[in-house]
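FYI, the numbering just counts along the sequence from 1.
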Amino acid sequence: MARYSDEFINELKENVDIVDLISDYLELKKTGNRYKGLCPFHSEKTPSFFVNPDNNFYHCFGCGAGGDSINFLMEIENLTFVETIKMLAERSGMELPNLNDQQRKHYKKRERVFSANKLTAQFYNYLLTETNMGKKAFNYLKKRGFSKKEIEDFQLGYAADEWQLLINFLQKKGFSLDLLEKAGLISKSKNNSYYDKFRNRVIFPIFNNRGEVIAFGGRILKSEKSYGPKYLNSPETPIFSKKKNLYGLHLAKETIREKNSCIIMEGYTDVIQAHKNGFKNSIASLGTAFTKEQAELIKRYAENAYIAYDADTAGNKATLRGLDILSQTGINVQVIQLEKGSDPDQLLKNEGASTFNNYIENAVNLIDFKIEMIIQNKDISDPGIRKKVLRSIVELLTEVEADLEREIYLERAAAKTNFKAEVLAKEVAKELEKKKIKEPNRAKTKKRKQKKFDLYSQLSYYQKVEEEILAHFISNPALREKIVNEVTAKDFNGRTAQLAEYLFQGKIISNSVKLEKIKDSLEAELLSYWSEILVKQDNSLTENHILELASYLNSKSVCNNKEKLCTLLRKKELSLDKLNRILLTFYSLNYHIERRD
């Protein structure tokens with residue numbers, strides 16, 4: 001981690017409006033002097049994610065995520081600390097201070113991978129558009145219906161039918177073979193010689209959501225075994241993880257936000273053709289099996305997703321598991337049902353945008369789609385098959401939590417299968433009853449989650465006082481010595497006592513870099529509690545008020561201790577030694593109160 005000065009970090013945070021930053025990723029609504037929204041780090045329907053603009057902190061009361069602008073950007077963009085500082089500095093127009101040699105070396109290595117990818121994309125694009133060797137690939141793309149505009153927008157390219165063309169180009173630019181191999185651009189043979197990974201292929205650069213080239217996909221032009229599979233993708237690298245990225249998101253994200261929906265496709269050409277025809281909220285999943293990370297990435301931008309996969313792909317088990325992941329993340333999933341053998345690329349090219357738009361308008365939700373998949377190509381007149389279909393539909397409908405919604409699907413399923421609705425309802429009721437027995441507390445938990453979240457509803461007055469004192473101790477360095485003179489860690493209770501013990505040890509040097517300095521030494525629960533009390537902090541309280549609260553807390557603690565001693569003194573059987581210790585403790589407590597008075 002880079003050791004930036006406290007002054008620089010503090011100035012950087014002051015220049016970054018945390019509400020403005022977080023609003024780039026989710027919708028925030030003002031509530032009092034705070035903002036709230038649906039947490040981007042876990043699936044939820046009731047907002048429990050709060051931002052306090054007064055001290056630039058956020059905290060989710062659902063999953064415990066919390067921190068400042070640096071923590072938020074690191075988590076949501078999956079960045080290193082140095083990358084985060086760079087991005088925030090660019091956002092606020094600040095110049096980065098110098099790094100030490102070790103930090104510069106680590107940072108430069110990662111930057112070199114980005115640079116190598118960027119140059120590679122430009123090189124492949126040049127071969128495609130400016131050279132004779134790229135004409136075959138250019139004509140292929142032209143036949144697919146793509147013009148120079150789409151080629152430039154997506155920076156399409158061509159990897160020549162040469163073994164070391166890219167290697168020679170990048171080595172002349174100063175890149176080592178070791179780095180190029182780690183970047184996934186070249187491969188090593190059994191005799192330890194290197195060769196270009198992509199050869200004789202149309203190249204589709206893959207970008208992260210910030211528009212940086214992180215990987216490549218290549219489609220073969222000549223189907224021969226020596227060239228490998230039809231489609232070849234970059235391996236996992238220091239800057240690329242297939243499960244965390246989506247093709248075309250860098251161009252689609254603004255439209256996705258505007259429409260609050262995205263269209264998810266299978267292939268690169270599907271997405272390019274969709275953008276060409278005006279569906280600029282289209283992206284591809286880099287595979288049909290959706291991951292949790294990809295689902296959460298989409299959730300940052302939209303609440304609705306239309307799935308436009310090939311008919312054969314849409315119904316397979318891996319795809320359905322992926323769609324379940326999307327749905328579980330809180331995304332409303334609608335499936336576009338294309339004709340068998342059709343794909344978005346060909347449909348848009350042959351029939352145009354209006355036809356594809358009709359398919360979107362007739363998309364079905366995930367439950368309806370699953371019902372159709374259950375009965376598809378089944379002879380439900382056969383008693384054995386009919387029984388299996390019934391069982392599958394019942395299992396599916398028990399997953400629907402809302403009673404009214406389940407009733408609607410019951411009627412639809414009955415109409416499609418000629419089952420009696422009351423029979424289906426009876427079987428579903430039986431299964432739901434079994435689930436209730438297995439999960440007796442599920443209904444209560446669900447009811448609690450649906451309640452409107454209140455920052456303070458579960459706190460006692462004394463806990464509020466304790467949290468307020470600690471929050472001001474953390475965020476106001478000038479108050480720390482005065483607070484310590486009024487109160488001790490022993491005056492706190494529970495989690496506040498644990499946190500106070502840590503804070504009062506003098507480990508907190510600066511307000512500006514507090515989280516970066518404690519992250520490795522403070523356990524996760526207390527780290528989350530740290531951001532929680534800062535989000536709840538009342539910044540309208542004056543310094544005198546905070547010190548009065550600290551004095552009150554100490555006095556309350558002393559009184560509680562005296563009451564405990566009085567209870568002990570009432571006991572009939574006490575040794576002389578124990579009695580003496582109790583009286584001495586009682587005397588010291590009185591002396592402490594008298595000194596304060």
| field | Step-by-step salt bridge (Lys or Arg N to Asp or Glu O under 4.0 Å) determination, Lys430 to Glu427 | value | CA-CA 5 Å; Lys430 284 181 187 177; Glu427 291 299 315; 3.5 Å; yes

At what distance, to the nearest 0.5 angstrom, does [atom1] of [X] lie from [atom2] of [Y]?
X      : Y      : atom1 : atom2 : result
Glu236 : Lys242 : CD    : NZ    : 8.5 Å
Leu79  : Thr84  : CG    : OG1   : 4.5 Å
His250 : Ile206 : NE2   : CD1   : 11.0 Å
Ile325 : Phe290 : CD1   : CZ    : 9.5 Å
Asn418 : Ile375 : CG    : CD1   : 9.5 Å
Leu470 : Ile533 : CG    : CD1   : 5.0 Å

So if I apply the side-chain contact (heavy atoms from CB on, under 4.5 Å) rule between [X] and each of [options], which one comes out positive?
X      : options                        : result
Phe369 : Val335, Val333, Ile374, Ile307 : Val335
Ile264 : Asn281, Leu323, Leu326         : Leu326
Leu297 : Asn245, Ile76, Leu246          : Leu246

Residue pair [X] / [Y]: nearest heavy atoms and the distance that separates them:
X      : Y      : value
Leu28  : Gly37  : CD2-N, 4.0 Å
Val202 : Ala137 : CG2-CB, 4.0 Å
Ala65  : Phe41  : CB-CD1, 3.8 Å
Ala252 : Ile283 : CB-CG2, 3.8 Å
Asn117 : Ala215 : ND2-N, 4.1 Å
Leu348 : Ala353 : CD2-CA, 4.1 Å

Can you tell me if [atom1] on [X] sees more than 12 non-hydrogen neighbours from other groups inside 6.0 Å?
X      : atom1 : value
Gln376 : CD    : yes
Lys292 : NZ    : no
Glu212 : CD    : yes
Lys259 : NZ    : no

Indicate whether the side chain of [X] and that of [Y] have a donor and an acceptor atom separated by less than 3.5 Å.
X      : Y      : answer
Asn56  : Asp68  : no
Tyr309 : Ser285 : yes
Asn365 : Gln334 : no
Asn357 : Glu361 : yes
Asn55  : Gln537 : yes
Gln346 : Gln273 : no
Glu466 : Asn493 : yes

Are the side chains of [X] and [Y] in touch, meaning some heavy atoms are under 4.5 Å apart?
X      : Y      : answer
Leu534 : Asn52  : no
Glu266 : Asp343 : no
Leu38  : Leu26  : no
Tyr359 : Pro344 : no
Pro205 : Ile203 : yes
Phe492 : Glu467 : no
His42  : Cys39  : yes
Phe207 : Leu251 : no

So does [Y] get a backbone contact from the side chain of [X], meaning a donor-acceptor N/O pair under 3.5 Å?
X      : Y      : result
Thr398 : Glu395 : yes
Thr237 : Ile239 : yes
Lys45  : Gly330 : no
Arg201 : Lys230 : yes
Lys243 : Thr291 : no
Glu75  : Phe72  : no

| task | Could you go through the side chain to side chain donor-acceptor pair (under 3.5 Å) check for Gln328 and Asp324 one step at a time? | result | CA-CA 6 Å; Gln328 289 160 10; Asp324 283 336; 5.2 Å; no

| task | Could you please spell out the steps behind the side chain to side chain donor-acceptor pair (under 3.5 Å) verdict for Glu150 and Ser147? | result | CA-CA 6 Å; Glu150 286 77 57; Ser147 66; 2.6 Å; yes

| request: Taking side chain to side chain contact (heavy atoms under 4.5 Å, CB included) as the test, write out the residues that go with Asn233, two or more places apart. | output: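 Only Tyr268 meet the side chain to side chain contact (heavy atoms under 4.5 Å, CB included) criterion with Asn233.
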
| query | Listed by chain and number, what are the side chain to side chain contact (heavy atoms under 4.5 Å, CB included) partners of Ile385, not counting sequence neighbours? | reply |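 By the side chain to side chain contact (heavy atoms under 4.5 Å, CB included) rule, Ile385 matches Lys378, Asp379, Asp382, Val389.
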
| message | Are Phe204 and Phe216, when compared by the centres of their aromatic rings, separated by less than 6.0 Å? | response |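 Between Phe204 and Phe216, the centre distance exceeds or equals 6.0 Å.
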
| said: Measuring centre to centre across the rings, with the benzene-like ring taken for any Trp, is His59 within less than 6.0 Å of Phe61? | reply: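 Centroid separation for His59 and Phe61: below 6.0 Å.
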
| query | Should the pair Tyr25 and Tyr301 be assigned to parallel (<30°), tilted (30 to 60°) or perpendicular (>60°) ring geometry? | reply |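 Rings of Tyr25 and Tyr301: tilted, 30 to 60°.
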
| field | Residue of the set Tyr35, Phe49, Phe50 for which ring-ring contact (aromatic ring centres under 6.0 Å, His included) holds with Tyr58 | value |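 Per the ring-ring contact (aromatic ring centres under 6.0 Å, His included) rule, the option paired with Tyr58 is Phe49, out of Tyr35, Phe49, Phe50.
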
Does a salt bridge link [X] with [Y], judged by any charged N lying under 4.0 Å from a carboxylate O?
X      : Y      : value
Lys299 : Glu44  : no
Asp345 : Lys349 : no
Glu532 : Lys536 : yes

| Cation-aromatic face contact Arg34/Phe57, 6.0 Å, 45 degrees |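 Verdict for Phe57: no cation-pi partner in Arg34.
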
| Can Asp403 and Arg406 be said to form a salt bridge (Lys or Arg N to Asp or Glu O under 4.0 Å), step by step? | CA-CA 5 Å; Asp403 293 341; Arg406 192 187 311 114; 3.2 Å; yes

| message | For a side chain to side chain donor-acceptor pair (under 3.5 Å) check, start with the C-alpha distance between Glu303 and Asn332, then their side-chain angles and the critical distance, and finish with the verdict. | response | CA-CA 6 Å; Glu303 297 173 316; Asn332 175 36; over 6 Å; no

